[in-house]
Amino acid sequence: MTPNSAAAHDEGPPAKPPVSGTPAGSVPPPSGLPTLGIIVSALLLGSAGLFVILAEASAPTAAFLRCWIAVIVLAPLAIRELRRHGLLPSKALIVAGVSGAALGIDYVLWAQSVLDAGVGVSTVLISVQVIVFPALVWVFGGTRPGWLFIACIPVMIIGMLLTGGVFGADAGATNPERGAVFGVLSGILYGVYIFGIHHCRKAAPNFVVAPVAVGTVAAGAMTAIAGVALGGLDFDLGWDGWAWMVALAVFGQALSWVLLSISSPLVTVSRTAALMLLQPLSAVVLGSVIAGERLQPAQWIGAVLVVAIVWVVGGGPEALRRRK
């Protein structure tokens with residue numbers, strides 16, 4: 001999944017601590033450690049789809065276990081944060097819960113998209129959230145995005161259609177059409193989650209882990225409902241399956257989100273957006289090398305278009321101008 005849009009549309013530049021010996025008015029260079037944190041987060045998020053395939057779990061089961069195992073990891077950190085800063089403000093609590101419910105449905109749809117269309121295709125398609133998030137900010141916050149963003153929307157749609165297999169899909173994909181639809185829908189819901197977390201951060205700026213934990217609990221509750229509605233959850237995965245699900249929850253959920261929450265405020269917006277492109281790119285590479293996925297030429301063109309739009313919307317051109 002691609003959380004870069006949250007960072008890419010925060011108001012104002014990220015706050016940086018003062019550095020001794022830095023001339024007044026100058027901006028200190030970004031630390032290498034936060035940059036490494038974002039890189040690791042992007043790579044972990046990009047590998048999440050591969051964990052789903054290797055676990056050989058159904059979509060509702062993968063989504064359910066991803067959430068609740070992550071809750072076990074996040075709970076001690078969230079409790080420590082609450083003891084330090086007090087209770088989470090009621091507005092942030094509600095927003096985190098509602099957006100987390102959207103995330104739960106997103107996880108079910110995305111896991112099925114991975115099983116239907118493959119790791120690379122599903123992860124690229126979910127990048128539609130970079131359009132959904134600022135669109136929601138525009139509708140509900142009154143902040144209209146620039147004309148460049150609006151011009152990117154039709155190109156993004158074309159890229160998603162090509163990636164989804166309109167002109168040919170991977171012959172090994174079990175149901176590429178359904179996978180493409182679910183991938184786009186999961187991206188829309190993911191944009192809703194990012195929009196909610198964006199406002200949650202405003203309402204409770206001192207909290208990093210607690211909102212993620214609340215959202216994960218709400219997502220877990222929604223995946224349980226989805227699992228019952230879709231015929232039940234299957235926990236008979238064997239030791240290998242459980243190991244991959246633990247890896248998904250710890251690395252592709254809890255650790256990746258916490259790393260991103262800690263690191264992104266310490267790195268410039270444009271750099272964060274550019275580094276987060278490693279998520280869809282790594283997913284395509286992992287799907288090809290490990291899962292044996294073979295995208296058709298039109299799908300490669302579509303994937304490149306989607307990644308290019310993510311780069312543009314995330315501030316890539318601005319970053320190039322600053323380097324010059």
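The figures here come from the full heavy-atom set of this structure, side chains too, leaving out hydrogens, waters and symmetry mates.
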> Is there a donor-acceptor pair under 3.5 Å between the side chain of R66 and the backbone N or O of G252?
Replying inline: yes
> Can you check side chain to side chain contact (heavy atoms under 4.5 Å, CB included) on Y107 and L103, steps first, answer last?
Replying inline: CA-CA 6 Å; Y107 278 163; L103 183 67; 3.8 Å; yes
> With no hydrogens and no angle check, is any side-chain donor or acceptor of W242 less than 3.5 Å from a backbone partner on F235?
Replying inline: yes
>> For a side chain to side chain contact (heavy atoms under 4.5 Å, CB included) check, start with the C-alpha distance between I38 and L259, then their side-chain angles and the critical distance, and finish with the verdict.
In response: CA-CA 7 Å; I38 294 175; L259 270 177; over 6 Å; no
>> If we ignore hydrogens and angles and just use 3.5 Å, is the side chain of E81 paired with the main-chain N or O of V209 as donor and acceptor?
In response: yes
>> Is there a continuous path of hydrophobic side-chain contacts, each under 4.5 Å between heavy atoms, that joins W138 to I157?
In response: yes
> Where do L185 and L189 land on the side chain to side chain contact (heavy atoms under 4.5 Å, CB included) test, with the steps shown first?
Replying inline: CA-CA 6 Å; L185 289 177; L189 289 170; 5.6 Å; no
> Run the side chain to side chain contact (heavy atoms under 4.5 Å, CB included) check on L237 and W244 step by step: do they pass?
Replying inline: CA-CA 10 Å; L237 305 177; W244 287 117; over 6 Å; no
> Among L44, L74, V73, which residue meets the side chain to side chain contact (heavy atoms under 4.5 Å, CB included) test with L255?
Replying inline: L44
> Under 3.5 Å, is there a donor-acceptor pair between the side chain of S113 and the main chain of L109?
Replying inline: no
> If every non-hydrogen atom of A213 is compared with every non-hydrogen atom of A78, which pair is closest and at what distance?
Replying inline: CB-CB, 3.9 Å
> Which pair of non-hydrogen atoms, one from L248 and one from V52, has the smallest distance, and what is that distance?
Replying inline: CD2-CG2, 3.9 Å
> Are V108 and Y190 connected, step by step, through hydrophobic side chains (Ile, Leu, Val, Met, Phe, Trp, Tyr) whose heavy atoms are closer than 4.5 Å?
Replying inline: no
>> Whether the side chain of S99 engages the backbone of G196 through a donor-acceptor N/O pair (distance < 3.5 Å, no angle test) should be reported.
In response: no
> What do you reckon, is CG of L230 surrounded by more than 12 foreign heavy atoms closer than 6.0 Å?
Replying inline: yes
>> Testing the basics here: between V128 and I188, what is the closest heavy-atom pair and its distance to 0.1 Å?
In response: CG1-N, 3.7 Å
> Is there a donor-acceptor pair closer than 3.5 Å between any side-chain N or O of T223 and the backbone N or O of P60?
Replying inline: no
>> Under 4.5 Å between side-chain heavy atoms, counting indirect links through other Ile/Leu/Val/Met/Phe/Trp/Tyr residues: same cluster for V250 and V217 or not?
In response: yes
>> Main chain of G37, side chain of S41: is a donor-acceptor contact present, judged purely on distance under 3.5 Å?
In response: no
>> Is there a continuous path of hydrophobic side-chain contacts, each under 4.5 Å between heavy atoms, that joins V304 to I158?
In response: no
>> Which heavy atom of A204 sits nearest to which heavy atom of A92, and what is that distance?
In response: CB-CB, 3.9 Å
>> Which residue in the set V98, I94, V214, V95 passes side chain to side chain contact (heavy atoms under 4.5 Å, CB included) when paired with C200?
In response: V95
> What are the two closest heavy atoms between L125 and G179, and how far apart are they?
Replying inline: CD1-O, 4.5 Å
> Do side-chain atoms of W110 reach the backbone of S186 as a donor and acceptor pair under 3.5 angstrom?
Replying inline: no
> In terms of hydrophobic clusters joined by side-chain contacts under 4.5 Å, are L77 and L88 together?
Replying inline: no
